[in-house]
Each structure stands twice: as structure tokens, then as C-alpha cells.
Peer 1: 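Submitted below is the structure of interest, expressed as C-alpha cells.
Naming convention: chains lettered A, B, ... in sequence-line order (proteins, then strands); numbering from 1 in each chain.
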Number of protein chains: 2
Amino acid sequence: MEYDVLKLSNQLCFPLYACSREIVKKYKPFLDEIGLTYTQYIAMMVMWEKKTVNVKTLGECLYLDSGTLTPLLKKLEAAGLVTRERSEKDERNLVIGITEKGESLKEPAKTVPEKMASCMNLSMEEVSTLYSLLYKILKADEVCE
Amino acid sequence: MEYDVLKLSNQLCFPLYACSREIVKKYKPFLDEIGLTYTQYIAMMVMWEKKTVNVKTLGECLYLDSGTLTPLLKKLEAAGLVTRERSEKDERNLVIGITEKGESLKEPAKTVPEKMASCMNLSMEEVSTLYSLLYKILKADEVCE
DNA sequence: GCAAATTATATTGTGTATAATTAAATTGAG
DNA sequence: CTCAATTTAATTATACACAATATAATTTGC
């Protein structure tokens with residue numbers, strides 16, 4: 001009984017961890033159609049919104065560091081979706097820009113969120129509650145506007 | 001405006017994905033003390049509860065497949081925490097058992113959940129709501145008792 | 001009772017994640 | 001001004017994740 005704190009079913013972290021992976025998995029067939037992985041997809045979301053961003057800022061938006069982003073951005077560059085250039089003002093900064101091809105991917109990508117919504121068995125209100133609670137946990141480190 | 005569906009801030013999946021990683025990151029210093037990674041920790045949680053389990057069942061409990069579990073279980077075996085033996089009844093089954101050393105790790109591990117709880121800025125009620133919503137999403141594929 | 005389908009685990013290849021280290025550029029205290 | 005401290009990316013090493021494939025053992029239909 002004194003070990004109940006160590007039961008998997010008593011952990012909050014575990015359904016969070018499992019749920020995250022299950023949902024990313026559900027995205028796969030839709031993202032395959034536009035040739036992106038889930039992480040590449042959320043990186044492109046930031047690019048569609050900001051057009052230009054340096055690696056540090058992108059990392060803050062996505063809660064990812066350069067160890068993850070550097071190879072990922074090189075792949076997006078190789079796919080012709082983004083450009084990678086040193087800032088002229090401060091050459092330590094690597095500026096990521098979106099290409100025309102990257103912009104045009106927005107059109108087919110637009111259908112992904114609606115396709116996913118139909119996979120969720122939650123009501124609008126439940127989605128809203130869940131969203132608020134997750135951001136409450138994240139907000140301590142919140143940086144991206 | 002018609003592209004608002006593609007804004008990162010309008011996605012439910014993203015805070016779930018980011019939150020999951022942020023929380024696993026918070027576990028790290030506590031788990032380092034007992035020499036486990038997060039995935040190894042939740043695998044040991046199942047072992048502390050069940051004592052004996054085959055790989056398939058463990059995978060169903062954790063929503064992980066053999067590609068993740070095989071190398072992980074070999075590391076836990078190398079650390080002397082679990083045993084790996086083919087079932088006599090059905091040699092396709094690999095039975096994982098907990099060792100005495102694995103059992104004794106339960107004692108220091110017991111302090112991890114309380115240490116983590118103090119890292120969360122949610123009320124008991126919020127934790128409970130979040131827990132229910134996450135399991136509602138997961139329940140479609142729920143297998144582990 | 002035996003070939004075909006099914007089941008369970010392992011292997012391989014690709015893609016994240018993160019910590020730690022390195023290297024280069026800028027800033028700021030004296 | 002100048003050099004040490006700081007900042008920013010890239011690199012490296014380790015550890016997951018998962019899809020796809022392979023392998024081996026058991027069931028089952030006939």
C-alpha cells in the first residue's frame with residue numbers, strides 16, 4: 001500500500017507521455033501526404049507564421065534545442081522548404097527563412113488540422129479545458145509570443 | 001485568416017507534445033539519482049507491480065513496441081534489475097522478471113513521485129481533470145488493466 | 001498431421017531529443 | 001581600447017520511438 005505512489009496508474013506524467021506519442025502517431029498518415037514528420041510540421045507552422053526566425057527563437061517557440069533543430073532544418077533546407085543564412089548583424093545568429101515552395105506547402109497542410117480533429121473523441125469544452133491545463137503547466141517557461 | 005487553423009497556438013497536440021517533454025525533463029535529476037531514464041522508470045513501475053510480464057504485455061501497458069523495449073530491457077538486464085527468459089510453454093514469449101536488486105530499487109524510487117508533485121503548479125482538482133481527459137483520449141486503445 | 005496463417009520478438013534504418021562540449025562572435029568592465 | 005565573460009549555433013554521444021522487415025514458434029483449417 002505504501003508503494004501505491006509508484007503505480008503507473010497513479011501517475012499524471014504517464015498518460016501525458018503516452019497520449020503525446022499516440023497523437024503524433026495519428027498525424028503520421030496525414031503528414032506523410034505532404035512529406036513532413038510531426039516535428040518538421042510544427043517547425044513549418046512557425047515558419048508560415050513568422051516567415052523569418054533565428055534558431056534560438058524557433059527553439060524557444062517549440063521547446064526544442066539546436067541538437068534537434070540543426071539536423072531537422074538541414075533536411076527542410078534540402079527539401080527546398082526553408083533557407084539557412086547567417087545574420088549580417090550578428091554572425092552567431094542563423095536566420096531561417098521560408099521559400100516559395102515552403103509557402104506553397106501551406107495549402108495542402110491546411111487540411112491536416114480538420115482531419116485530425118475528427119480523430120479526437122473530446123467535446124469542444126473538453127478540448128478547451130485540456131488546452132488551458134497544458135498551457136498552465138508550460139507557462140512557467142513560456143517564451144514564444 | 002483562413003490559415004488560422006495552422007497557427008501553432010491553435011493546436012491541441014502541440015502543448016501536449018511540449019508538456020510531455022518538459023515533464024520528462026523535470027524527472028531527469030531525480031531519476032539520475034537512481035540511475036534510470038524516464039522510459040526505464042515507467043518500465044520498472046510495471047515490474048514492481050507485476051513482478052513478471054512478457055514483452056508484449058509490457059508494450060501494451062506502456063504503449064511501446066519491441067523496437068523500443070528490446071534494447072531497453074537488455075540494459076535493465078545488464079544493470080541487474082530484471083531477468084529475460086523464454087517461456088517454457090510458448091517459446092515465442094520472452095518473460096521479464098524482476099530481480100532482488102530490482103525490487104530494492106523501489107525504496108529510493110518511492111521518493112520520486114513526491115519530489116515531482118512539488119514541481120507541478122496545478123491544484124488537486126486540476127490534476128484530476130487533466131488525468132481524466134488524457135485517459136479519455138487514450139482509452140480507445142486501452143489494454144493494460 | 002501438415003502447410004498456411006498468425007503471433008511474438010528481434011533487427012534495421014530513420015528521425016527525433018537532450019546533455020555536454022566546442023567554436024566563433026559580441027559585449028562590457030576596467 | 002582590450003581581453004575575459006557571455007551568447008549563439010553546431011557537433012557529438014547516448015537513448016529513445018517507430019515503421020518495416022526478418023525470424024522463429026505456435027495454431028488452425030483441411
Peer 1: Please evaluate the base of C:dA10 for a donor-acceptor partner in the side chain of B:Ser66 within a cut-off of under 3.5 Å?
Peer 2: yes
Peer 1: Hey, does the side chain of B:Lys74 come within less than 4.0 Å of C:dT11's phosphate (OP1/OP2), counting only N and O?
Peer 2: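 Checking C:dT11 against B:Lys74, a side-chain N or O does come within under 4.0 Å of OP1 or OP2.
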Peer 1: Do any N or O atoms from the side chain of B:Lys50 and from the backbone of B:Leu58 form a donor-acceptor pair under 3.5 angstrom?
Peer 2: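 Checking the backbone N and O of B:Leu58 against the side chain of B:Lys50, no donor-acceptor pair under 3.5 Å is found.
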Peer 1: Roughly how many Å is it from CG in A:Leu73 to P in C:dG15, rounded to a whole number?
Peer 2: 14 Å
Peer 1: What is the distance, rounded to the nearest whole Å, between atom CG of B:Leu72 and atom P of D:dC18?
Peer 2: 13 Å
Peer 1: What is the distance from NZ of A:Lys56 to P of D:dA10, rounded to the nearest Å?
Peer 2: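 Atom NZ in A:Lys56 sits about 13 Å away from atom P in D:dA10.
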Peer 1: Please classify the nucleic acid contact of B:Leu64 as base, sugar-phosphate, or nothing, using heavy-atom distances under 4.0 Å.
Peer 2: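 Sugar-phosphate contact only - B:Leu64 comes under 4.0 Å of backbone atoms but never of a base.
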Peer 1: Does the base of C:dT9 carry an N or O that pairs as donor and acceptor with the side chain of B:Arg92 under 3.5 Å?
Peer 2: no
Peer 1: How many whole angstroms separate atom CG of A:Asp32 from atom P of C:dT14?
Peer 2: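 Computing the A:Asp32:CG to C:dT14:P distance gives 15 Å.
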Peer 1: Give one of base, sugar-phosphate or nothing for A:Asp90, where a contact means two heavy atoms less than 4.0 Å apart.
Peer 2: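 Since only primed, P, OP1 and OP2 atoms lie under 4.0 Å of A:Asp90, the category is sugar-phosphate.
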Peer 1: So B:Thr68, base contact, sugar-phosphate only, or nothing? Heavy-atom distance under 4.0 Å.
Peer 2: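 The residue B:Thr68 makes base contact.
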Peer 1: Would you say the side-chain atoms of B:Arg86 pair up with the backbone N or O of B:Arg92, donor to acceptor, closer than 3.5 Å?
Peer 2: yes
Peer 1: Are OP1 or OP2 of C:dA8 and a side-chain N or O of B:Lys89 less than 4.0 angstrom apart?
Peer 2: no
Peer 1: What is the distance, rounded to the nearest whole Å, between atom CG of B:Leu31 and atom P of C:dA19?
Peer 2: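 Going from CG in B:Leu31 over to P in C:dA19 covers 13 Å.
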Peer 1: Would you please confirm or rule out a distance under 4.0 Å between OP1 or OP2 of C:dT16 and any side-chain N or O of A:Arg21?
Peer 2: no
Peer 1: Quick one: does any side-chain atom of B:Gln11 pair with a main-chain N or O of B:Val5 as donor and acceptor, under 3.5 Å?
Peer 2: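 Between the backbone of B:Val5 and the side chain of B:Gln11 there is a qualifying donor-acceptor contact (under 3.5 Å).
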Peer 1: Got a donor-acceptor contact below 3.5 angstrom from the A:Ser87 side chain to the A:Leu94 backbone?
Peer 2: no
Peer 1: Is the backbone N or O of A:Leu16 less than 3.5 Å from a side-chain atom of A:Ser20, with the two atoms forming a donor-acceptor pair by type?
Peer 2: no
Peer 1: Map A:Glu91 and A:Tyr38 onto DNA chain C by nearest heavy atom, then report which one ends up closer to the 5' terminus.
Peer 2: A:Tyr38
Peer 1: Which label fits B:Tyr41 and B:Trp48: parallel for a plane angle under 30°, tilted from 30 to 60°, or perpendicular past 60°?
Peer 2: perpendicular
Peer 1: B:Arg86 has an atom CZ; how far is it from atom C1' of D:dT26, in whole Å?
Peer 2: 13 Å
Peer 1: For C:dA8, take OP1 and OP2 only and decide whether either is under 4.0 Å from a side-chain N or O of B:Arg84.
Peer 2: no
Peer 1: Once you round it to whole Å, what is the distance between P of C:dT11 and CG of B:Asp65?
Peer 2: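 Taking atom P of C:dT11 as the reference, CG of B:Asp65 is at 14 Å.
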Peer 1: In whole angstrom, give the distance that lies between atom OH of B:Tyr41 and atom C1' of D:dA15.
Peer 2: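 Rounding to the nearest Å, OH of B:Tyr41 and C1' of D:dA15 are 19 Å apart.
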Peer 1: What contact category does A:Thr37 fall into here, base, sugar-phosphate, or nothing, at under 4.0 angstrom with non-hydrogen atoms?
Peer 2: sugar-phosphate
Peer 1: With a non-hydrogen cut-off below 4.0 angstrom, is B:Asn93 in contact with a base, only sugar-phosphate, or nothing?
Peer 2: sugar-phosphate
Peer 1: Closer than 4.0 Å, any side-chain N/O of B:Lys28 to the OP1 or OP2 of C:dA19?
Peer 2: no
